[in-house]
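The block underneath contains the structure these notes are about, expressed in structure tokens.
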Amino acid sequence: MAGHSKFKNIMHRKGAQDAKRSKLFSKLAREITTAAKGGNSDPEFNPRLRAVIATAKAASMPKDNIDRALKKAEGGDAENYEEIRYEGFGPGGVAVIVEALTDNRNRTATDVRTAFSKNGGNVGSSGSVSHGFERLGLITYPAAAGNADKVFEAALEAGADDVESGEDEHEIWTAADALHEVAKALEAALGDNAGAKLAWRPKEWVEVGTDTAQQLLKMIDALEDLDDVQNVYGNYDVPEEVLSQL
């Protein structure tokens, strides 16, 4: 298991999806409101909003919740959230990027630093680890969308750069400026995606052993659990044999 999807897959294996659902919906609602305020409230004319709504639907977020988040932006009384990126290091020297949406920069900075420091990590300066990642477009489809060959062929035809097919999902990578064009082209062949967004992809991976993995995943868990944190990316690779021991 590698990269940003590790946490999601691990939580799935632990059967903890339902416990996280309420917090996930809250984060998605915040993202929907922010995307709508930052552009057109009509998803047809706002690629970022269209992408997050697709992610929300794939997560089974109720339509009423999505509509409320949109109306909150249209009403002009929504909180003003600031997008902030934190960079740091986890156990074993793993590089970690944290993306947050916050209405209180000081609170979020304190929470993120605490999550790092309590679990053997530390927050670095801006740019301290992002040079080891690429900013790319990421489109995800569930495994049920088709086998690896079918998805690869569809992605190639749509203009994607790379495909990684796993047990649970397919990850389709594109150039950042081609994300929405490729996502739209894929819909004809594979149907609605489970998410389309800009993401951080490591240029190189760090394989971690059992002891490091346990502490690292505890740190990722703590970061993901913060209300203001939207995404966590890392260059860690936990081998299946190590994961089975946790």
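The figures that follow rest on heavy atoms only: side chains count, while hydrogens, waters and symmetry mates do not. Because the structure is predicted, anything quoted here is derived from the model rather than measured.
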* Structure fact -> Rounded to the nearest 0.5 Å, the CG atom of Leu28 sits from the NZ atom of Lys23 at a distance of 12.5 Å
* With a 4.5 Å heavy-atom cut-off, do Thr55 and Met61 have their side chains touching? -> no
* **Residues, nucleotides or ligands: over 12 heavy atoms within 6.0 Å of Glu164 CD** => yes
* Asked: Do Leu24 and Leu49 belong together in a cluster built from hydrophobic side chains that touch within less than 4.5 Å?
  -> yes
* Please determine which of Glu31, Lys57, Arg30 meets the side chain to side chain contact (heavy atoms under 4.5 Å, CB included) test together with Val52. => Glu31
* To do: Compare every heavy atom of Phe116 with every heavy atom of Phe89, then report the nearest pair and how far apart it is.
  => O-CD2, 3.6 Å
* Asked: How close do Tyr86 and Ala109 get, heavy atom to heavy atom, and via which atoms?
  -> OH-N, 3.4 Å
* Taking C-beta and beyond as the side chain, do Ile220 and Tyr236 meet within less than 4.5 Å on heavy atoms? -> yes
* Partner of Glu99 under salt bridge (charged side-chain N to carboxylate O under 4.0 Å, His left out), chosen from Lys27, Arg135, Arg85 -> Arg135
* Asked: Shortest non-hydrogen contact from Ala54 to Asn193?
  -> CB-OD1, 3.7 Å
* **Asp64/Arg68 salt bridge by N-O under 4.0 Å criterion** => no
* About how many Å separate CG of Leu179 and CG of Leu138, when rounded to the nearest 0.5 Å? -> 8.0 Å
* Step through the shown structure and confirm whether more than 12 heavy atoms of other residues, nucleotides or ligands are within 6.0 Å of CD on Glu187. => yes
* **Side-chain heavy-atom pair Ile66, Ile32 within 4.5 angstrom cut-off** => yes
* Main-chain N/O of Val208 paired with Thr212 side-chain donor or acceptor, under 3.5 Å -> no
* Just wondering, are more than 12 heavy atoms of other shown residues or ligands nearer than 6.0 Å to CD in Gln214? -> no
* Does any non-hydrogen side-chain atom of Trp200 lie less than 4.5 Å from one of Leu136? -> no
* Should Leu186 and Leu198 be counted in the same cluster of Ile, Leu, Val, Met, Phe, Trp and Tyr side chains packed under 4.5 Å apart? -> yes
* **Main-chain N/O of Pro142 paired to Asp168 side chain as donor or acceptor, under 3.5 Å** => no
* Whether Asp161 side chain and Ala175 backbone form a donor-acceptor pair below 3.5 Å -> yes
* Structure fact -> The residue among Asp228, Leu223, Val232, Thr102 that forms side chain to side chain contact (heavy atoms under 4.5 Å, CB included) with Val112 is Leu223
* Asked: Would Arg50 and Glu44 pass as an ion pair if we require N to O under 4.0 Å?
  -> no
* **Donor-acceptor pair, side chain of Thr33 and main chain of Ala69, under 3.5 angstrom** => yes
* Look at the side chain of His170 and the backbone N and O of Gly146, then say whether any donor-acceptor pair between them is shorter than 3.5 Å. => yes
* Asked: For Lys63, does the NZ atom have more than 12 heavy-atom neighbours from other residues, nucleotides or ligands under 6.0 Å away?
  -> no
